[in-house]
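Reading through the C-alpha cells given below for one structure.
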There are 2 protein chains.
Amino acid sequence: MSAPLRFPAERRHTLALAERVYAELKRALFAFELLPGERFSENTIAERTGASRTPVREALTRLAREGFLTVQNRSGWRVNDLDFSIFDQLYEVRTIVELASIDRLTAQTEPAGIAELITLWQVNEAERLTDGPAVFVQDEQFHSRLVAGTGNAELQRIHTSVTERIRIVRQLDFTESYRVEATYNEHAAILTAIVQHRASEAKRLMQTHIELSRQSVRKISLHRLYEARQQARDDAHQPERLSEPATGGIRSPLTETLSEKNLGDRSHESS
Amino acid sequence: MSAPLRFPAERRHTLALAERVYAELKRALFAFELLPGERFSENTIAERTGASRTPVREALTRLAREGFLTVQNRSGWRVNDLDFSIFDQLYEVRTIVELASIDRLTAQTEPAGIAELITLWQVNEAERLTDGPAVFVQDEQFHSRLVAGTGNAELQRIHTSVTERIRIVRQLDFTESYRVEATYNEHAAILTAIVQHRASEAKRLMQTHIELSRQSVRKISLHRLYEARQQARDDAHQPERLSEPATGGIRSPLTETLSEKNLGDRSHESS
DNA sequence: TCGCTCTATCTTGTATACCAGTTGATATTC
DNA sequence: GAATATCAACTGGTATACAAGATAGAGCGA
C-alpha cells in the first residue's frame, strides 16, 4: 500500500501530531478522498499518516464531535452522509447569526471592519477575481469578518464552526462563474446598506444572499459529487481507495442524503 | 490519599469510561471541587477516578474544547477563570438564538411544544416549586424547549452548549427565592405572548428576561463563590484539595475574572 | 441452494511504557 | 544574602500492548 496521506519525516515537532492528523483528515474529507458513507479503521489512518493510533484517535473523536464522522461500536469509523436537511438547518443558523451581526454593526457609529471589506468587494469589474476557489475563500472571509465586527468572540466561534460544516458542499458551488459575479454584486450591496446604517435593508439583502447560496447548494446533485470524486482520484494518481465499499443501491439525485451507497461507481454508464 | 471522585468498581461496562470521567469532571467543576485557576495533572485525575490516563485525556481535551479547561504545554492542566466578559458574550448568543426561536414559533399556527410548557409555568402560586435548584432545572428546560420548537437540531445543539457554559455561574443565582418568583412570572408572560402570536412582545419580554438574568449573574461576587467552595468542602468531608494553590493576590470583587488567585483562603478573615 | 453455527480476524476501548520538555528546589557562585 | 547554575522529579504527547466485543465468512446440515 502506498501512503498518499503521509507527512514528511522532517519538521516533526513543529505542530502537535494530533493537530496535523486532524488537518489532514479534514482536507481529505473536503477533497472527497474520504467519501460520504465510506468506512475505515483507525489503523488505516495511522498507517497512512505515519502516526500512531493515539493522535489519530484524538483527531477522529474531534471530527466526530464536529459532525463529520461517526464511530461505530468496536466496528470502525464512517464518514457521515451529506445530509441536506442538516445543511438547511446550518444555513438557518448562519442566517440567524449574520442577521444579528448586521443589527449590531449598523448600531455602531463606525461599523467595525467594514471599510476594509469595501476595498475588497466594491471594485470595478477589472479588479475582480474570476477564479472560483479563490473567490470562495474571500467569500468566507467576508461573512466571517462581518460577524467579527460585533466583537463577540463566542458568536464568531459558532459562526466559524457552522461555516466549516457547510464548506464541503459550498465549495462545489463555486466552480461556476455566474455565482462569482453574483457574489460580488450582492456583497457590494450589503456593504453599502451597512455603512448607511440601513439595518433592515442590509438584513433583507443578506437573507436573500444566503438563501440563494442555500438553493444553489441544494441543487448539487450526485453528478457534481461524482465529478468531485473523479477529480480527487485523478489528483491522487492512485486509484485505489482506503476500502472498497458496496456499490449500487439507490441512485436518485433527489434523495435527502448523499453517500457512497447512492453514489456507486458509474464511470461505465451513459449519462 | 482518599478518592472522593472514584467510581464504584461494579457496573463497569454500562457506559464508556471516558464518558463517565467527562461527566464526573464536569460535575466537579460545577460543584467547585475543581476551582477556577486551579492546576492539576492527568495522573491526579486518573488516580482519583480509577481510570487510566487514556480516557482521562479524552475527557480533558473535550472539556478544553468546550472552554472549561486549558492544557499548558507539558506543564499540567488548569481550570479556566470565570470570565464575565465571556459570559456576557454567551448571554448575547443565547439572546440571539432564543429571539430567533420565538420568531419561528410565532410563525407556526400551533407553536410546537408550547402547550406542555404552559401546564408547567402558568400555574397558581400553590402549585409552584420553591426549591431553587429544582426551579433552575425547570428553567433550563423551558428555554431549551422553546428552541426545540423550531425543529432545528443544529440550533438546539448550539443553544445547549451555550447553556452549559453559563450554567456554572447561573446555578449560583438560583439560591435566592425572589429570582424563582420572577422566573415564574416572566415565563408565563412570554408563553402568553407566543400563543397569541405576538412576536415582538414575546421577544421584548424574553430579551428583558435574559438581560435580568445576566445582570443578576454579573453581581455574583467573590463572596458567593467563596461560599460555594466552602459548601463543596463541607460536602466532601475531606478538606484536602487536589493541589494547594498560591493564595493571596488581588481580591477586588470588581475584577472581570474570578479565579483562585483572587479568591484565596479567607476563612480566618472578617467580612 | 438456503440458512445456521462457529470461529478466526478485525475493530475499538483501555492500560501501560517511553520520551522529551518544564519546573522548581537546591547547590553554587559572587 | 542575592543572583544564578544545576538537576531531579514531574508533566503531557506519543507509541505500544492488551482485552473484549463485532463481524464476515467458511463449514456444515438440511
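So that the names make sense, note that chain A is the first sequence line, chain B the second, and so on, each numbered from 1.
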> With the threshold set at 4.0 Å, does a side-chain nitrogen-carboxylate oxygen contact exist between R218(B) and D88(B)?
Replying inline: yes

Using whole Å, report how far [atom1] of [X] lies from [atom2] of [N].
X      : N       : atom1 : atom2 : value
E47(B) : dT16(C) : CD    : P     : 12 Å
F40(B) : dC10(D) : CZ    : P     : 18 Å
R53(A) : dC18(C) : CZ    : P     : 19 Å
R39(A) : dA22(D) : CZ    : P     : 13 Å
E58(A) : dT14(D) : CD    : C1'   : 10 Å
L69(A) : dT12(C) : CG    : C1'   : 15 Å
R78(A) : dT12(C) : CZ    : P     : 15 Å
Q72(B) : dC10(D) : CD    : C1'   : 14 Å

> Closest nucleotide of DNA chain D for E42(B) versus for T54(B): which of these residues is on the 5' side?
Replying inline: E42(B)

Are OP1 or OP2 of [N] and a side-chain N or O of [X] less than 4.0 angstrom apart?
X      : N       : result
S75(B) : dT22(C) : no
N73(A) : dA22(D) : yes
S52(B) : dT14(C) : no

> Nearest to the side chain of N43(B), which nucleotide is it out of dT11(C), dT11(D), dA22(D)?
Replying inline: dT11(D)

> Counting side-chain heavy atoms from CB outward, which of dG24(C), dA15(C), dA20(C) is closest to R74(B)?
Replying inline: dA20(C)

> Given side chains that start at C-beta, do those of F30(A) and F68(A) come closer than 4.5 Å, heavy atoms only?
Replying inline: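 A side-chain contact exists here, since the closest heavy-atom pair is under 4.5 Å.
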
> What residues, two or more places apart in sequence or in another chain, satisfy side-chain hydrogen bond (donor to acceptor under 3.5 Å, both in side chains) together with E140(B)?
Replying inline: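 Counting only residues at least two positions away or on another chain, E140(B) forms a side-chain hydrogen bond (donor to acceptor under 3.5 Å, both in side chains) with R167(B).
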
> Does a donor on one side chain sit under 3.5 Å from an acceptor on the other, for E42(B) and W77(B)?
Replying inline: yes

>> Both conditions, 6.0 Å and 45 degrees, for the charged tip of R214(A) above the ring of Y91(A): are they met here?
In response: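 Cation-pi check for R214(A) and Y91(A): fails.
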
